[in-house]
Protein chains: 2
Amino acid sequence: MIASEKCLRCPVRSTAICGGIKQKDIARLSKVVHDMKVAPGDCFLEQDEPADNYFIITSGTVTLFKLLPDGRRQVTGFADPGHFLGFANGGTYGFSAEAADCVSLCRISRRDINVLLADFRDMERRVLDLLSDELTRAQEQLLLLGRKTALERLASFLSTRTEQADAWPGYRTESARDGIVLPMNNDTIADYLGLTNETVSRMMGVLRDARIISRGGRNRVLVRDRDALDRIALGETPV
Amino acid sequence: MIASEKCLRCPVRSTAICGGIKQKDIARLSKVVHDMKVAPGDCFLEQDEPADNYFIITSGTVTLFKLLPDGRRQVTGFADPGHFLGFANGGTYGFSAEAADCVSLCRISRRDINVLLADFRDMERRVLDLLSDELTRAQEQLLLLGRKTALERLASFLSTRTEQADAWPGYRTESARDGIVLPMNNDTIADYLGLTNETVSRMMGVLRDARIISRGGRNRVLVRDRDALDRIALGETPV
DNA sequence: CGGATATTTGATCAGACTCAACAGCTGTGG
DNA sequence: CCACAGCTGTTGAGTCTGATCAAATATCCG
């Protein structure tokens, strides 16, 4: 899955766009793919705005969220490197996206994406796979929000994050083998899990008291008992 | 969007698969597309089973759901005619599907779908659009489950169902212009909205007392004040 | 009619929210 | 070096929404 460094600048970028990319196509891609940097907290895609661009994250983490008119917020997911953003059914985005930390991404206009899709046959299939993955993850999150308790939600979140860190070692620093980095604060985690920041803090305390996790410095969590975490996440441990 | 009756047996079927289908391709499609009927309550696709088939609903409504080990159930959505089921990232289905009422569908094996996708160019794009729609709807549902009250959830559900009835008039009987049909019982609605059947019943009563809806016979609801319904759905009406 | 299933209604309970106060960390400026 | 502000996270007390449990009623269908 990791492409050779030779293609374009960022391995994730070429991988995400069209897999094994040929040297002769680089020039063409460079014309339609624009690099961007976004500072933490900056919103680069807003709900209900015209969906003119697609984005592919190359580094950092992006928070995706929806808002109700009175300000209630639901974080619908986090986009990590390799993620593809910007699908919209009705011509406008259905969610907003803001950088959780320093984010690099590349932008492709709606017009150009169609050319790319037509020219790079395997790209369409890849996008289809990405969307399919994302839908599967969204459905898992529906189960979480609809039927899990606060403790189960937090355990699920930490478990999933740990899995992702396994799948993509870039997330994990060598100094903390079992540590996962949470680039978002408790407010954001709360909005993701349908809870409040107080409840997130309390449940974090419950897991810490049970020696299942421990604090590994700012923004870092050490998972000490992953089996226990997974059992809680699946509701197999009575509260 | 409605295909001509001449293509295959079901207009929805040809539309869903590959849009304007040519006469000469019908024979080929018929070889890989198998028709099926499913009785109400029957489960034809089970979570964690090998994802060997894709399905396209041609009539009726299908309930999609996920289960926790202890039996808690979350309905992740309803698949109406034209919907495409069976995407799986890890080789197994991520959810189960059972017929809500009498359902007709066609089955395409995983092997055959790849041939179809390769041969019918516009099919891949159509599937991509369907997936994109579905993801958008899933995100809307995340907002509902994470941040809306019981009343707001039910109002959202009824509002969305009404919109769908507008978009596809087949849903609506001419005898009840504003009536929508709910082919699922309160238990299923509850599992969809992350509530209990008692709460669904109570909130239905609240909307009825407020003259926003009224009962239109079994499985049928009349929406009397759609604006009010939408305002509640968006949380713009203080409880 | 009768039995099964679904819905409605009531009373009580509990998990998570709200509001409020406090602690810890970080960076800033005197 | 310390004082302080500002932000994030923690902890506590009280409240409330929706769940649970139980019973009554309604609806469907043979």
Side-chain angles (χ1 to χ4, degrees), chain A residues 40-41 63 68 70-74 100-101 144-158 181-209 213-221 232 235 237-239, chain B residues 39-41 63 68 70-74 100-102 144-158 181-209 213-221 232 235 237-239:
Chain A
T63 305
L68 284 170
D70 63 5
R72 278 177 281 176
R73 183 173 85 142
Q74 176 66 41
D101 46 14
L144 182 150
L145 291 174
R147 291 304 182 207
K148 289 189 183 179
T149 65
L151 187 61
E152 288 163 2
R153 293 182 198 197
L154 184 62
S156 302
F157 173 66
L158 295 175
V181 177
L182 303 178
M184 65 294 286
N185 62 19
N186 277 4
D187 278 297
T188 304
I189 295 174
D191 282 342
Y192 180 54
L193 301 178
L195 302 169
T196 58
N197 58 18
E198 293 95 330
T199 301
V200 169
S201 176
R202 278 185 244 269
M203 295 305 120
M204 209 74 97
V206 170
L207 292 177
R208 212 174 321 116
D209 292 348
I213 64 171
S214 63
R215 170 61 70 68
R218 187 134 195 84
N219 283 347
R220 187 152 300 173
V221 171
I232 294 176
T237 303
V239 186
Chain B
T63 305
L68 283 171
D70 64 5
R72 277 176 282 174
R73 184 173 84 141
Q74 177 65 41
D101 46 13
C102 282
L144 181 149
L145 291 175
R147 291 303 182 208
K148 290 189 182 178
T149 66
L151 187 62
E152 288 163 2
R153 293 181 198 197
L154 184 62
S156 301
F157 173 66
L158 294 174
V181 177
L182 303 179
M184 66 295 286
N185 61 19
N186 278 3
D187 278 298
T188 304
I189 295 174
D191 283 342
Y192 181 53
L193 301 178
L195 302 170
T196 58
N197 58 17
E198 293 95 329
T199 300
V200 169
S201 175
R202 279 184 244 269
M203 296 304 121
M204 209 72 99
V206 170
L207 292 177
R208 211 173 322 114
D209 291 349
I213 64 172
S214 64
R215 168 62 70 70
R218 183 120 195 98
N219 284 346
R220 187 153 299 172
V221 172
I232 293 176
T237 304
V239 187

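Throughout, protein chains are lettered first and strands after them, A, B, ... in sequence-line order, and every chain is numbered starting at 1.
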Legend entry - A:Thr199 side-chain N/O to C:dC17 phosphate OP1/OP2 under 4.0 Å: yes
Legend entry - Separation of D:dT11 C1' from A:Asp209 CG (nearest whole Å): 12 Å
Inset, instruction - Would you indicate what B:Arg215 reaches in the nucleic acid, counting non-hydrogen atoms under 4.0 angstrom: base, sugar-phosphate, or nothing? - result: sugar-phosphate
Legend entry - For B:Arg72 against A:Glu152, the heavy-atom pair lying closest together: NH1-OE1, 2.8 Å
Legend entry - Spatial distance of atom CG (A:Leu145) from atom OH (A:Tyr192) [nearest 0.5 Å]: 8.5 Å
Legend entry - Among D:dG18, C:dA20, D:dT8, the one nearest B:Thr149 by side-chain distance: D:dG18
Legend entry - Atom-to-atom span, CG of A:Leu182 to P of D:dG9 - whole angstrom: 10 Å
Legend entry - Separation between CZ of B:Arg153 and OG1 of B:Thr199, rounded to the nearest 0.5 Å: 9.5 Å
Legend entry - Nearest to side-chain heavy atoms of B:Asn185, which nucleotide of D:dT20, C:dC17, C:dA6: C:dA6
Inset, instruction - From the options D:dG9, D:dT20, C:dT18, select the nucleotide whose nearest atom is closest to the side chain of B:Thr196. - result: D:dT20
Legend entry - Minimum-distance nucleotide (side-chain atoms of A:Ser201 versus D:dT11, C:dC17, D:dT8): D:dT11
Inset, instruction - Indicate whether the side chain of B:Thr188 and that of B:Asn185 have a donor and an acceptor atom separated by less than 3.5 Å. - result: yes
Legend entry - Spacing of A:Leu151 atom CG relative to C:dA16 atom C1', expressed in whole Å: 13 Å
Inset, instruction - Using atom CG of B:Asn219 as one end and atom P of C:dA6 as the other, report the distance to the nearest whole Å. - result: 11 Å
Legend entry - Distance in angstrom units between A:Leu207 CG and D:dT10 P, rounded: 12 Å
Legend entry - N/O donor-acceptor pair, side chain A:Arg202 with base C:dT18, under 3.5 angstrom: yes
Legend entry - Short side-chain N/O contact from A:Asn197 to OP1 or OP2 of C:dC17, under 4.0 Å: no
Legend entry - Selection from D:dT10, D:dG18, C:dT8 that lies nearest to any side-chain heavy atom of A:Arg208: D:dT10
Inset, instruction - Measure the distance from CZ on B:Arg147 to P on D:dT17 and round it to the nearest whole Å. - result: 16 Å
Inset, instruction - Any chance you could measure A:Arg208, atom CZ, to A:Ile213, atom CD1, to the nearest 0.5 Å? - result: 6.0 Å
Inset, instruction - Could you tell me the separation between the CG atom of B:Leu154 and the C1' atom of D:dT17, rounded to a whole number of Å? - result: 16 Å
Inset, instruction - Quickly work out the B:Arg153 CZ to D:dA19 C1' distance and round it to whole Å. - result: 12 Å
